[in-house]
Amino acid sequence: MIKLKLTALEEAARSRPAGYLQEVLAAGRVEAGFLWLSDDLYASLCVRFGGDCKRPASMLARARFTVCKACSHSREQAFGCEFHRGCCFGQWRSNVANKCPKGKW
Ligand code: SF4
């Protein structure tokens with residue numbers, strides 16, 4: 001989980017496209033002046049809106065890898081997917097445009 005100050009998000013919204021703040025707030029849980037976002041959603045929003053995010057692609061790949069490790073469709077030691085053939089599965093997971101064939105991420 002990622003914890004972000006609401007005041008920092010409001011400040012960032014001044015240089016982001018219209019609708020940024022509403023979309024970001026809707027993606028997580030607001031509590032006591034902070035927004036809590038899952039790593040996966042944080043990474044997706046970083047890729048979508050840019051900014052000074054910390055390694056969104058690697059965070060996204062790690063979050064997705066955790067899901068794949070527990071999935072009955074993962075195969076072999078590297079937890080590749082039985083529905084996705086080819087090399088570079090880690091790179092495939094790190095691209096926000098790619099989706100799990102079974103809708104798990
Ligand atoms: S079905 Fe989805 S979660 Fe399961 S191994 Fe394939 S990509 Fe990963």
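Counting starts at 1 for both ligands and their atoms, following the listed order.
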**Report entry** Nearest-contact summary for atom 6 (Fe) of ligand 1 - protein heavy atom, Å
**Finding:** C81 SG, 2.4 Å
Requested in this report: Check each atom of ligand 1 against the heavy atoms of P101 and keep those under 4.0 Å away; list them by number with element.
Outcome: 7 (S)
**Report entry** Value rounded to 0.5 Å, distance of CZ in R64 from CG in D39
**Finding:** 12.5 Å
Query raised in the report: Any idea how F65 and F79 line up, ring-wise: parallel (<30°), tilted (30 to 60°), or perpendicular (>60°)?
Result: perpendicular
Query raised in the report: In ligand 1, which numbered atoms sit nearer than 4.0 Å to a non-hydrogen atom of K104?
Result: 3 (S)
Query raised in the report: Just how far is it from atom NZ of K69 to atom OG of S74, taken to the nearest 0.5 Å?
Result: 10.0 Å
Query raised in the report: For atom 6 (Fe) of ligand 1, does an N/O/S atom of C100 lie at less than 2.8 Å?
Result: no
Report task. Could you find the nearest protein heavy atom to atom 8 (Fe) of ligand 1 and give me its residue, atom name and distance? Result -> C68 SG, 2.4 Å
Query - Lys/Arg cation over aromatic F34: K5, 6.0 Å, 45° cone - result: no
Query raised in the report: Where's the contact between F79 and ligand 1, heavy-atom distance under 4.0 Å: side chain, backbone, both or neither?
Result: neither
Query raised in the report: Is atom 4 (Fe) of ligand 1 under 2.8 Å from any N, O or S atom of C71?
Result: yes
**Report entry** L6 CG to L25 CG distance, which is reported to the nearest 0.5 Å
**Finding:** 6.5 Å
